[in-house]
Peer 1: 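Submitted below is the structure of interest, expressed as structure tokens.
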2 protein chains.
Amino acid sequence: MNAPAYRRVAAELRAAIERGDYPEGSVLPKLEEIAQSYSIAKQTAREAVAELEQEGLVEPVRRRGTVVRPAPVRQRLVRARQVFRDERGYYFDPAAQPWVALEPPAVSWGPAPRDIAPLLGVHPGEEVLIRDRLMGDPNTRRPTQLATSYLPAHLARGTRLAEADTGPGGIYDLLELQMGHGPLEWFEALGARMPSPREAERLALPRGVPLLRVVRTATNPAGTVLEVNDTRMSGEAFEFGYPITRHPSAASQQ
Amino acid sequence: MNAPAYRRVAAELRAAIERGDYPEGSVLPKLEEIAQSYSIAKQTAREAVAELEQEGLVEPVRRRGTVVRPAPVRQRLVRARQVFRDERGYYFDPAAQPWVALEPPAVSWGPAPRDIAPLLGVHPGEEVLIRDRLMGDPNTRRPTQLATSYLPAHLARGTRLAEADTGPGGIYDLLELQMGHGPLEWFEALGARMPSPREAERLALPRGVPLLRVVRTATNPAGTVLEVNDTRMSGEAFEFGYPITRHPSAASQQ
DNA sequence: CAGTGGTCTAGACCACAAC
DNA sequence: TTGTGGTCTAGACCACTGA
């Protein structure tokens, strides 16, 4: 039951923050002061602060101190679980989102990631087409989402799917209208995981912020998976919201 | 551009794991060996390993070594976005889940958490009823979900809502059938965040595993929020899946 | 019960950004 | 410019657990 010193100190700091002793935006005592007041080494104080950092509670800023992070305000995304269409092609969010590609799509051939391969129906490490896009706010240029599409090589090799510009309608229109693989069907899975350092860097995520992740598979009518889209975004900036309707079994009991 | 030593070592170890040099379940070289082979201090080697631990890639086990964690296999939950009903009351997952309460519900009065209070329509820190349940597998007794309900004090004080046993149908039937607040309406928001140490301990989460979170609000017909339910589960053990249907605007283009 | 990771220290120097 | 967090070391001892 004897917690290590850095954990006890972390617990005290956490309690102080939650009590309001250190409001959002304020700074904790500096590491040396923490070390002195708890009679521990500076390194140990830093481990305590790192604990809070991992929880997303504080963010150390050089030359300034350990800043208490504001309570996250999450932008609510709507997944109507329907696919819509306009002149630009399919989209999956009924509230048309204003994000744009911050960079031209990075198109490359590479090994299928371990978690994507089984969905795509290929062996892990097998070469696939990778279309990587960084989406963000058109005004602030701040990145919001990392969207990566994976397509089997035998399907995409030598086609316009492997070009940077897939034209209006994107890969789904290519697959459906020009390659005869439609009508497409889609399935989405929503989950969370920690970012890799590269993902954290590209999305400018501080430590202690997980990814929210939507993995969408596009299938032809025979059930063959044609594409897997892996979209990652800050778990602190976004959430998915939806109303609940009543099934007939749950008719009002009034 | 000069990354610190622990990051460079972490990157090399990560690459080695992804290359397959250390398969799932195998152990990395021990800290002293890592330290020697990269000519760094043991503490620095440990920081490198901690980096991988935060990503959920490895889990240090005493006396054994740093074990490479298996790729997560996520149990897919279905949220039909409909509420169903059987003789036991309302439930929100059409695939009736086999989880049971591992402990009697912990019912207490306490301050409304900062992120719950605005949803509940009370001031942060204002006293509310807190009903805390730990759900888990009935056979293995392993915890799977942490479900906490918050109810405004003025609503719950002195009622059966504040008792451990709310009877068949639970609080929703009490609110609807006996207290006349129905018919209830619900809204869910799905998100992710890092666990607190207490949450991590109760769900037996290793570091580097975020929470998947469903926050459900129950509202009366006037729009007053009667209850907020905050359900947290391992982001590594669960995901939410759903098929996509076509909106009329997206009629098949074949 | 021994060997692994876990914790802790004192001290040094680095590097970045706010002042 | 300089003060803050960031990194790193050498060494010591602890504590848990699986061989």
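A note on names: the letters A, B, ... follow the listed sequences, proteins ahead of strands, and every chain is numbered from 1.
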Peer 1: Distance check needed: C/dG5 C1' versus B/Lys30 NZ, whole Å only.
Peer 2: 11 Å
Peer 1: Return the value, rounded to whole Å, for the distance between atom CG of A/Leu28 and atom C1' of D/dT4.
Peer 2: 14 Å
Peer 1: Can B/Glu51 and A/Arg207 be counted as an ion pair, charged N to O under 4.0 angstrom?
Peer 2: yes
Peer 1: With sugar-phosphate meaning primed atoms plus P, OP1 and OP2, does B/Gln43 contact a base, only sugar-phosphate, or nothing at under 4.0 Å between heavy atoms?
Peer 2: base
Peer 1: Return yes when atom CD of A/Glu201 has more than 12 non-hydrogen atoms of other residues, nucleotides or ligands closer than 6.0 Å, and no otherwise.
Peer 2: no
Peer 1: Which salt bridge (Lys or Arg N to Asp or Glu O under 4.0 Å) pairs, counting each pair once, include a residue from residues 128-150 of chain A, with sequence neighbours left out?
Peer 2: A/Asp132-A/Arg202
Peer 1: Do the side-chain N or O atoms of A/Tyr6 get closer than 4.0 angstrom to the phosphate oxygens (OP1, OP2) of C/dT7?
Peer 2: yes
Peer 1: Starting from C1' on C/dT7, measure out to NZ on B/Lys42 and report it in whole angstrom.
Peer 2: 9 Å
Peer 1: Considering non-hydrogen atoms only, spot the tightest contact between B/Trp99 and B/Leu77 and give its length.
Peer 2: CH2-CD2, 3.6 Å
Peer 1: With a 4.0 Å cut-off, would you call B/Lys42 and B/Glu47 a salt bridge?
Peer 2: no
Peer 1: Write down the distance between CD (B/Glu32) and C1' (D/dA12), rounded to a whole number of angstrom.
Peer 2: 12 Å
Peer 1: Taking atom C1' of C/dG5 as reference, at what distance in whole Å does atom CD of B/Glu47 sit?
Peer 2: 14 Å
Peer 1: Is the shortest distance from a Lys or Arg side-chain nitrogen in A/Glu236 or A/Arg74 to a carboxylate oxygen in the other one below 4.0 Å?
Peer 2: no
Peer 1: Any side-chain N or O of B/Thr44 under 4.0 Å from OP1/OP2 of D/dT9?
Peer 2: yes
Peer 1: I need the CZ-P distance between B/Arg46 and D/dC13, as an integer number of Å.
Peer 2: 19 Å
Peer 1: Indicate yes or no: does A/Arg193 engage B/Glu55 in a salt bridge with an N to O separation below 4.0 Å.
Peer 2: no
Peer 1: For B/Ser149 and B/Asn229, does a side-chain donor sit closer than 3.5 Å to a side-chain acceptor?
Peer 2: yes
Peer 1: Within the pair A/Thr66 and D/dT4, is there a side-chain N or O less than 4.0 Å away from OP1 or OP2?
Peer 2: no
Peer 1: Rounded off to whole Å, could you give me the CZ-to-P distance for the B/Arg7 and D/dG6 pair?
Peer 2: 11 Å
Peer 1: Grab the N/O contacts between the protein and nucleotides 17-19 of chain D below 3.5 Å, and write none if there aren't any.
Peer 2:
{"from": "D/dG18", "atom 1": "N2", "to": "B/Arg63", "atom 2": "NH1", "distance (Å)": "2.5"}

Peer 1: Roughly, in whole Å, what's the span from CG in B/Leu31 to P in C/dT7?
Peer 2: 12 Å
Peer 1: Could you check which residues of residues 48-55 of chain A get a heavy atom under 4.0 Å from DNA chain C? Sort them by number, please.
Peer 2: none
Peer 1: Atom CZ of residue position A/Arg64 - does it have more than 12 heavy atoms of other residues, nucleotides or ligands inside 6.0 Å?
Peer 2: no
